[in-house]
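Throughout, protein chains are lettered first and strands after them, A, B, ... in sequence-line order, and every chain is numbered starting at 1. Model, not experiment: these values are computed from the prediction.
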Amino acid sequence: MSRTRRVVVTGLGCVSSIGTGAQEFAEGVRAGRSGVSEIESFDSGDFPSHMAGEVHGFDPASIVRRIDLDDWGRTAHFAAAAARLAVEDAGLELDEETRATTGAIIGTTNGEAPTVDTLTKQWLEGGPGRISTDLVAKIPAGNIAAAVSVELGLFGETVVIPTACSAANYAIGSAADKIIVGESDVMVAGGADSVNRFTHAGFLSLGAVADEVPQPFDRDRTGIVTAEGGAVLVLEELEHAKARGARIYAELLGYGLSCDAHHIVHPDAESIADCIRRAHANAGIEAGDVDYVCAHGTGTPTNDITEVTATRLVFGEQHPPMSSLKSMLGHTMGAASGFGAIACCKAIEESFLPPTVNLRNVDPAFGEGIDFVGSGSRTADVRVAQNHGFAFGGNNAITIFGAYTDREPVGAGEERR
Amino acid sequence: MTTTEELRITEVSVLSAAGVGLDALRARLRRPAGDDGPFGTPAEAEGDQYAGLPGRVAAVPDFRITDYVPRKGTKNLDRSTALGLAASTLLKRGLSGRHEVADASWGSTGIAMGTVVGSLSSSIQLDIDVIEGKGIDLVNPAVFPNTTMNCCASQIAIWHSFRGPNSTVANGSVSALSALRYAARLIRCGHAERMLVGGVEELSPHTAWGTRLKGEVDQSVAIGEGVALVAVEPAGPDAPSALAEVTACEVLFSPERTEDGYAEALRRAVDRAVRAATSAGVEVRLLLPGAVGTSLSAAEEKALVGFDAERVDVRAAVGECGGALGAMQLAAAVALGEPGDGVLITGIDPSGAVAAAVLTIGAGS
């Protein structure tokens, strides 16, 4: 199948612990700012770890225009706010014709988990018949995308893909496919999640939470901190974007999915390598075309060695620079690869490599020759960026972004284009 | 426009409050009006948590996962995952029994599983363990993954070595139809070859109370559970005979969450689906509406005004089953449809999501 319709990124929006809006976020990334702090959203006194990547002072009312905030949970607020910011960033006027076919595809891990937590307390204290109907109505995960489409007045396909911590990449890939096959000219896609008590507890029970701050790729890394936020992209068919004179951040060259089918929490390097190869094939690029890898990079001992083993299988000795946003944001779960996508687009647009912070001693187990960008962000020409998302259940998803040129796409391969 | 004209449903599996398999579902769907039951009863351990719940509940009768897979590794599975695993086991067995399926093709098989919010009872139980244990002392790390919404699809892949795209789709009562649309696009764009598509919902005191208190479903409808899966693959010389063709599957949204808004969005989806059927020379003779017995039935009626076909209410037959409803409708279409007929399936979710699909029943059904 030859691809005649190309997908470009024309809008970026996010609410994060290091900045609201893509520009502020990108400045935070370039500065190596950390969004990790003492937990405020619940009492962490019963736990041995007290850090999270919370978005303090998140004020959705200052961003959204249309949704009634009382109808939706915090995760939906993150998604709707990020989407509104993305559409504003795109300078996109959502006229009736565009809204008829534009939809929202959003990924999440925990959905409205803080609301579930409140309901659980009500259930324990008052019994089943006394739980709040208003809160019950916020629980269905599909609401997170619905809030986006209500906020933007969209009539197109609107759905949540809750494939845990790779979910935003699934969402971005599917939204791009909608454009490629001609179902839509514009889509919004990304991910959202909220910090909550039982996810913090669950990762603690697995021994996967950092003693202090996350230190991806460090010899002494001890785990993640849970985090939150919303990250949304406006994807647009190339000719549609050109016709309205849109700013084009990058082209979404393609994506790949794979499933480990191996273990519910332990990742599998061969399967991840397969996912990378599928993404390259779908994007029509070779491994050597990749200038930067935005790693899943959780900072758990297991993830990082598995991820590097996988990238080594594909890149060998010619390994592109690879860094972890989670060193700054913590693990934003279903939003994580959405933030990765924004960082990739900004890296391409502004020619820089996002850093890995808190990296003191690179784990010697990774071998020589990989630049984890541990000395701070730096200027570099990024033509092709590869964005990783892996998840519980072995749900791997990788998106590939490339610098847009009005000639043939970067590294255009034989297939699928 | 339809995007799914070359896709076939080659196998179906279903576990519902009516029992296991298409025959049990068909018998329940064809029973006379007013003859509702019997339904399975929930696990005894949860019994007192249903005390005082208005209306009835309807479990999959006598469900034990060890009737489907060996015991080893089943101890910590949540009920949604166990139901999904059972359905996938039946589906794999059924398709292999009807058609020679190369082992390698199972290795590239993917999943698109619909759900409202995953295993809600797993999240609540974990949270209770956190609260009552004042920290993580009571938390079993082996059940933490059950709180992620992709657990069921992932476990199916692990048990059956399905290494194709593994996905979970959440869109309320239209989750499974959204999963069908998503899977069709994955196949069309070359990401997958065969996809198992459906939806799953578990009965728990939490979903039962939540559903009753919200009041969106009529009290006369039992709170049910279940799972249905269909195997979806492109037509081809080596493909198994089709139980049905996916003639159309439309998923749209109504940002105006009013009766007129829902109705208008669904009407648009139905128009597209029926147009696709008409251009394929298929006449719709059976309608499986998804909102009967809910607060959205009037909106659905508005969208279907003047639509003349036999109607069967799947929810009344198997109970309210959330993200599995659309999958039950797909299974019901295959169970009831006559060869060559089109079956229109519709659904509306309070979130604003709407869906309409047409299956054309094959000679193999």
Would you say that A:Ile131 contacts B:Leu213 through its side chain, given a criterion of any heavy-atom pair below 4.5 Å between the two side chains? yes
What distance separates B:Ile124 CD1 from A:Lys121 NZ, expressed to the nearest 0.5 Å? 13.0 Å
Residues of residues 127-143 of chain B within contact distance of chain A, non-hydrogen under 4.5 Å: B:Asp127, B:Ile128, B:Val130, B:Ile131, B:Glu132, B:Lys134, B:Gly135, B:Ile136, B:Val139, B:Pro141
Holding to side chain to side chain contact (heavy atoms under 4.5 Å, CB included), I want the full list of residues that pass it with A:Asp274, two or more places apart in sequence or in another chain. A:Arg277
At a heavy-atom distance under 4.5 Å, which candidate from A:Ala201, A:Gly129, A:Gly103, A:Gly111 has the highest pair count against chain B? A:Gly129
Using heavy-atom distances under 4.5 Å, tell me whether B:Leu120 contacts chain A through its side chain, its backbone, both, or neither. side chain
Minimum heavy-atom distance A:His263-B:Ile158, with the two atoms named: C-CD1, 3.6 Å
Of the listed residues (A:Leu124, A:Thr120, A:Leu206), which shares the most heavy-atom pairs with chain B below a 4.5 Å separation? A:Thr120
A:Ser132, part contacting chain B, at a heavy-atom distance under 4.5 Å: neither
Taking every non-hydrogen pair under 4.5 Å, which of A:Asp117, A:Thr108, A:Asn396 racks up the most with chain B? A:Asp117
From B:Glu216 CD over to A:Thr133 OG1, what is the distance, rounded to the nearest 0.5 angstrom? 10.0 Å
Which one, B:Ser351, B:Pro255, B:Ser154, leads in non-hydrogen pairs under 4.5 Å with chain A? B:Pro255
Closest-packed option against chain B by number of heavy-atom pairs under 4.5 Å, given A:Val136, A:Leu257, A:Asp177: A:Asp177
Top residue by heavy-atom pair count (under 4.5 Å) with chain A, among B:Gly172, B:Pro205, B:Ala265? B:Pro205
Could you look at A:Ile105 and say if it's the side chain, the backbone, both or neither that has a heavy atom under 4.5 Å from chain B? side chain
Before giving the answer on side-chain contact (heavy atoms from CB on, under 4.5 Å), spell out for A:Asp260 and B:Arg163 the whole-Å C-alpha distance, their side-chain angles and the decisive distance to 0.1 Å. CA-CA 6 Å; A:Asp260 295 356; B:Arg163 293 196 167 80; over 6 Å; no
Heavy atoms, side chains only, cut-off 4.5 Å: are A:Asn282 and B:His191 in contact? yes
CZ of B:Phe253 to OG1 of A:Thr102: how many Å apart, nearest 0.5 Å? 13.5 Å
Quick one: side chain to side chain contact (heavy atoms under 4.5 Å, CB included) partners of B:Ser204, sequence neighbours excluded? B:Ser121, B:His206, B:Thr207
Check the pair B:Asn150, A:Thr109 against side-chain contact (heavy atoms from CB on, under 4.5 Å), reporting the backbone distance first and the verdict last. CA-CA 8 Å; B:Asn150 65 337; A:Thr109 294; over 6 Å; no
Segment of A:Phe392 engaging chain B (4.5 angstrom heavy-atom cut-off): both
Can the ring centroids of B:Phe144 and A:Phe198 be said to lie less than 6.0 angstrom from one another? no
Taking atom CG as the centre, does B:Asp103 end up with more than 12 heavy-atom neighbours from other residues, nucleotides or ligands that are less than 6.0 angstrom away? no
Any heavy-atom pair between the side chains of B:Val117 and A:Glu112 that's under 4.5 Å? no
Which pair of heavy atoms, one from A:Tyr170 and one from B:Ser167, lies closest together, and at what distance? CE2-CB, 3.9 Å
Taking all non-hydrogen atoms of both residues, which atom of A:Val265 and which atom of B:Pro145 are closest, and how far apart? CG1-CG, 3.6 Å
Rounded to the nearest 0.5 Å, what separates atom OG1 in B:Thr168 from atom CG in A:Asn395? 6.5 Å
Show your reasoning for whether side-chain contact (heavy atoms from CB on, under 4.5 Å) applies to B:Gln49 and A:Trp123. CA-CA 11 Å; B:Gln49 295 188 71; A:Trp123 179 283; 3.3 Å; yes
Which portion of A:Asn110 sits near chain B, non-hydrogen atoms under 4.5 angstrom: backbone
Got a second to check how far A:Ser174's OG is from B:Tyr182's OH, nearest 0.5 Å? 5.0 Å
Inter-residue atom distance A:Cys259.SG - B:Ile111.CD1, 0.5 Å rounding: 7.0 Å
Look at A:Ala261, A:Ala397, A:Ser258 and state which one has the largest set of heavy-atom pairs under 4.5 Å with chain B. A:Ala261
Proximity breakdown for B:Arg212 and chain A, heavy-atom pairs closer than 4.5 Å: neither
Should the heavy atoms of other residues, nucleotides or ligands under 6.0 Å from CD of B:Glu193 be counted, would the total exceed 12? no
Donor-acceptor contacts, no H, no angles, side chain residues 139-162 of chain A, under 3.5 Å, sequence neighbours left out:
residue: A:Asn143; atom: ND2; partner: A:Ala137; partner atom: O; Å: 3.0
residue: A:Ser149; atom: OG; partner: A:Thr158; partner atom: OG1; Å: 2.7
residue: A:Glu151; atom: OE1; partner: A:Arg65; partner atom: N; Å: 3.4
residue: A:Glu151; atom: OE1; partner: A:Arg66; partner atom: N; Å: 3.0
residue: A:Glu151; atom: OE1; partner: A:Ile67; partner atom: N; Å: 3.1
residue: A:Glu151; atom: OE2; partner: A:Arg65; partner atom: N; Å: 2.8
residue: A:Glu151; atom: OE2; partner: A:Arg84; partner atom: NE; Å: 2.7
residue: A:Glu151; atom: OE2; partner: A:Arg84; partner atom: NH2; Å: 3.1
residue: A:Glu157; atom: OE1; partner: A:Lys178; partner atom: NZ; Å: 2.9
residue: A:Glu157; atom: OE1; partner: B:Arg181; partner atom: NE; Å: 3.3
residue: A:Glu157; atom: OE1; partner: B:Arg185; partner atom: NH1; Å: 3.0
residue: A:Glu157; atom: OE2; partner: B:Arg185; partner atom: NH1; Å: 3.4
residue: A:Glu157; atom: OE2; partner: B:Arg185; partner atom: NH2; Å: 3.3
residue: A:Thr158; atom: OG1; partner: A:Gly156; partner atom: O; Å: 2.9

